[in-house]
Amino acid sequence: MESIEVVYENGVLKPLKKLNLKEGEKLRIKIITNNIADFIRSFEKEIERPQKDPLKILQDMREQK
(Lines give C-alpha, C1' and ligand atoms only; values in the text may rest on other atoms or scores of the structure.)
Protein backbone atom coordinates (compact mmCIF):
# COMPACT_ATOMS: atom_id res chain seq x y z
CA MET A 1 0.00 0.00 0.00
CA GLU A 2 1.25 3.48 -0.84
CA SER A 3 0.19 6.88 0.42
CA ILE A 4 0.47 9.91 -1.89
CA GLU A 5 -0.60 13.54 -1.85
CA VAL A 6 -2.97 14.85 -4.47
CA VAL A 7 -4.63 18.13 -5.36
CA TYR A 8 -8.24 18.42 -6.50
CA GLU A 9 -8.52 20.66 -9.59
CA ASN A 10 -11.40 21.01 -12.05
CA GLY A 11 -13.13 17.88 -10.73
CA VAL A 12 -10.01 15.68 -10.99
CA LEU A 13 -7.60 14.35 -8.35
CA LYS A 14 -4.05 15.01 -9.57
CA PRO A 15 -1.06 13.34 -7.87
CA LEU A 16 1.75 15.66 -6.78
CA LYS A 17 4.38 13.13 -7.86
CA LYS A 18 4.74 10.69 -10.76
CA LEU A 19 3.10 7.32 -10.15
CA ASN A 20 4.39 3.95 -11.34
CA LEU A 21 1.04 2.78 -12.77
CA LYS A 22 -0.11 1.28 -16.04
CA GLU A 23 -2.49 3.32 -18.21
CA GLY A 24 -6.08 2.43 -17.34
CA GLU A 25 -5.11 0.70 -14.08
CA LYS A 26 -7.91 0.85 -11.50
CA LEU A 27 -7.21 1.81 -7.90
CA ARG A 28 -9.13 2.14 -4.67
CA ILE A 29 -8.46 5.34 -2.75
CA LYS A 30 -9.26 6.64 0.72
CA ILE A 31 -9.68 10.40 1.02
CA ILE A 32 -8.29 12.04 4.15
CA THR A 33 -8.52 15.81 4.33
CA ASN A 34 -5.93 18.03 5.95
CA ASN A 35 -8.69 19.91 7.77
CA ILE A 36 -8.39 18.97 11.44
CA ALA A 37 -12.03 19.85 12.17
CA ASP A 38 -13.22 17.39 9.50
CA PHE A 39 -10.84 14.76 10.87
CA ILE A 40 -12.18 15.17 14.41
CA ARG A 41 -15.81 15.05 13.24
CA SER A 42 -15.11 11.79 11.41
CA PHE A 43 -14.31 10.13 14.77
CA GLU A 44 -16.91 11.80 16.98
CA LYS A 45 -19.37 8.92 16.75
CA GLU A 46 -16.68 6.40 17.70
CA ILE A 47 -15.52 8.22 20.84
CA GLU A 48 -17.11 7.17 24.12
CA ARG A 49 -18.26 10.19 26.06
CA PRO A 50 -17.85 10.05 29.84
CA GLN A 51 -21.06 10.02 31.85
CA LYS A 52 -19.59 12.53 34.31
CA ASP A 53 -17.87 15.84 33.70
CA PRO A 54 -14.14 15.07 33.10
CA LEU A 55 -13.11 17.87 35.47
CA LYS A 56 -15.29 16.37 38.19
CA ILE A 57 -13.69 12.95 37.60
CA LEU A 58 -10.20 14.46 38.04
CA GLN A 59 -11.27 16.34 41.15
CA ASP A 60 -12.71 13.14 42.66
CA MET A 61 -9.49 11.26 41.88
CA ARG A 62 -7.36 13.93 43.57
CA GLU A 63 -9.57 13.89 46.66
CA GLN A 64 -9.18 10.09 46.98
CA LYS A 65 -5.40 10.40 47.48
Derivation of the side-chain contact (heavy atoms from CB on, under 4.5 Å) call for Val7 and Leu16: CA-CA 7 Å; Val7 64; Leu16 298 180; 3.9 Å; yes
Cluster check Ile4, Ile29: I/L/V/M/F/W/Y, side chain < 4.5 angstrom: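 Ile4 clusters together with Ile29.
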Within 6.0 angstrom of Leu19 CG, more than 12 heavy atoms from elsewhere: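 It does: Leu19 CG has more than 12 such atoms within range.
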Glu25 atom CD: more than 12 heavy-atom contacts under 6.0 Å: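 Atom CD in Glu25 is packed in, count exceeds 12.
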Atom pair CG/CD of Asn20 and Glu2 - distance to nearest 0.5 Å: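 Spacing of CG (Asn20) from CD (Glu2) equals 8.5 Å.
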